[in-house]
Structure formats: structure tokens, C-alpha cells
Amino acid sequence: MALSGVRVLELAGLAPAPLCGMILADFGARVVRVDRTPRSAVATDVQGRGKRSLALDLKRPPGAAVLRRLCCQADVLIEPFRHGVMEKLGLGPEVLLQENPRLIYARLTGFGQSGQYAKSAGHDINYLALSGVLSKLGRKDENPYAPVNLLADFAGGGVLCAMGIVTALYERTKSGKGQIIDASMVEGVAYLSSFLWKSQNLGLWNRPRGENLLDSGAPFYETYKTSDGKFMAVGAIEPQFYEQLIKGLGLDSDKLPSQLSFSDWPKMKEKFASIFAQKTQAEWCSIFDGTDACVTPVLSFDEVASHQHNKQRSSFIKNDQEEISPRPAPLLSRTPAVPSFKRDPFIGEHTEEILLEYGFTKQEIAKLYSDKVIEFSEPKANL
């Protein structure tokens, strides 16, 4: 795989860092999740695919020393804590990069490593708000709303941090040097919204929120309920696509207002809604499938893997516990991702295996275990 041979240490954290680590693991990196002790702590990583787990108490000097030693042989460290936490543990980048100048030290936080909010707590909705993006999300006359926690946590956080890591690894092939990645979810989601910024002068956002072309204002960029309580998604922006939408709905465009007549949009929404409500989702699919009307079914998680298009591309995979999840993307022609089909690791499941691999002796491991610096999922009797 593309990242085969890359050694990654991922300090256990919430949603964004685990996704970042899973992406790297899916594409071939050997990812070790460094979990907290005691092992009775609840595992929060549901994105542990392809990772191994080492349970280590970083708050104690011997535990911090273990991580320093691991970092000497690692290529990447993913660190999800607030600004200053790692420095207090003696594990800041100035320490670890001095010991391993090739290390990519990725710091994935909400607000970044500097600025007024650097040490403040926050969640996706807060980062989304500070980026400006949240102000664009919401229907007419309603409060802004966050689309679950996809945008800041995962897109602006986990995905862009993974991109930063791969970019830094590529640069290292030329310079031989590692570097620090300051991945702020505020800045990540703001960067994702570049189109919104760059299109300000195109007239796409001149109207209040919820009344524009792409924010639920237009009748031809909307979702509509079907007679069986399901939904269809409509995205017929271009005139030729809009014409196919109108035809599929059984309407005559000559008898309708202009597609871009803003004042008629609310009335047209009502008309479209009343027509979509007359047929089932399956019936609408039979009408629009194979056309360029840009009309597709809104699929539930229970339906998406069995949809014919997704089945033909094997877009969803099933692990050995019958859990379905999306296949890694994008597809690479020569070195595609080969995700693990095993269950996610238990906390501390691979502690001994990892430490031996990184050069610790069995005696050192036994001492760390007896001192309660490390833990095992199933402690070995001979230790």
C-alpha cells in the first residue's frame, strides 16, 4: 500500500484524531494507538480499524519516557491535546524533534497552537462558528444549524491533518527532516469553505441565508418527501438538467416561471413538493434513474450499501463482525487501500507486541507492567 512502512503513533483522543489515524492505517501505515490507563477507561475510538493498542500512563515520568523512546523510531506522532499539555509532560515537539529530527509531529486541535482560544475547550459547532461557515448553514428564518459534527471534526480536522501528514512525509523525502503540523479545525473548515469565499462576487450569496441557490432557497436544489415517507434529493442547477427535472415531474416549462425567478421560488417549491408527494421513492427512481435530472434517492444507512450503484463499486465493506462501513477513498490504481477486516483493538491488546517491536526487552516490559506504567488487555502470566 502507498503508506507501507510508515510508523505512526496516535495518542488516543476523540473523533478527529482517530479518523486521521484510520486514514493512514487504511492506506498501509502501521498505526499504534497509545491509550490511556487505567484500562477500565471507556474506549472512545470507534475508528480503530487497522490499528494496534498500547496502554500507557503518560502522566508518570516512566510512561513519558516510554513514549519518547517510541518516538525515536516513529515517523509520525498524532497529538490531539489542547495547547501546552504535551509540554507539561516533557513531550513537546522541541524535545521529540531534537531526539528524532525526522519525526512528523502533527498537532490536531480545535483552535490551533496560538491565539486567544488556544487553551480553550470546544467542539465541532464552536469551531464551525468561529470559521464563519456556521453562519451560512440553515434555512430561511431559522437559526444556523450544524450538520452533525462532520465538517470541523472530520473534514477540517481529521482529513486535512492526514493530508498535512502525507505532505510532510513527501517533503521529508527531499529534505530528510520532519516538522510540526499545526492543524486547527477552525482553519481547516475555513479552508474547506474556500469556494464560499471565492464566489462572493458571483451573486450566489447575495440573498439572506436560506434564500440562495445552494442553501435551500432554490426549488431545484432541495429535498422532497415522497408518498411512502422517504425523500428525493434534487440538484438540477444547469438549465438542461432543470428541463429534465421538469419533464420528469410531468410539467411544461413554457407554463412555468423562469428557473431563476427568485420571487417565484417559494411557490415552485410548493408545487414540486405536492408532485413528489404523489409517488413512492422507488417510483421516482424509476422515472429519474438514467437521466441527467440530478434527482437521487435519499438513502438511509440501512439502504446505502445495497443500492445498485454502491454495490457495483463495492463502496461499502463488512468486517469480520458483520459491521458495515465505507470503503477507504479515493481509489488508487496501483496501490489501493486495503482496510483491515478485523475488529477494532481492545485497549492495551498489543502492548507487549509493540514494545518488543520497538526494541524494549522482556525485562523492561515486565518492570513497566509491575510499576503499572503499562497495561495489557489480557496480562500474560509470565509477566
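Here, residue 1 is the first one in the sequence, and each next residue gets the next number.
Contact record, A15 with D153: CB-OD2, 4.2 Å, taken as the closest heavy-atom pair. Counting all heavy atoms, side chain and backbone alike, L91 lies closest to R68 at CD2-CG, 3.3 Å.
The cationic group of R139 does not satisfy the cation-pi geometry with Y145, failing either the under 6.0 Å distance to the six-membered ring centre or the 45° limit from the ring axis.
Hydrophobic cluster of V298: the remaining members, joined at side-chain heavy-atom separations below 4.5 Å, are F231, listed by chain and number.
Counting only heavy atoms from C-beta outward, the side chains of I317 and I324 never approach each other to under 4.5 Å. At least one side-chain heavy atom of R33 sits under 4.5 Å from a side-chain heavy atom of I347. Side-chain contact check for S300 versus E303: some heavy-atom pair is nearer than 4.5 Å. Contact of the R313 side chain with the R327 side chain is registered, since non-hydrogen atoms from C-beta on lie closer than 4.5 Å.
Looking at W265 and S261, their side chains never bring a donor and an acceptor atom within 3.5 Å of each other. Side chains of S227 and Q278: a donor-acceptor N/O pair is absent below 3.5 angstrom, by distance only.
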Subject >> Verdict with supporting geometry, E357 and R30, salt bridge (Lys or Arg N to Asp or Glu O under 4.0 Å) >> reply: CA-CA 12 Å; E357 186 180 296; R30 291 177 62 80; 2.7 Å; yes
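F341 CZ: more than 12 foreign heavy atoms inside a 6.0 Å radius.
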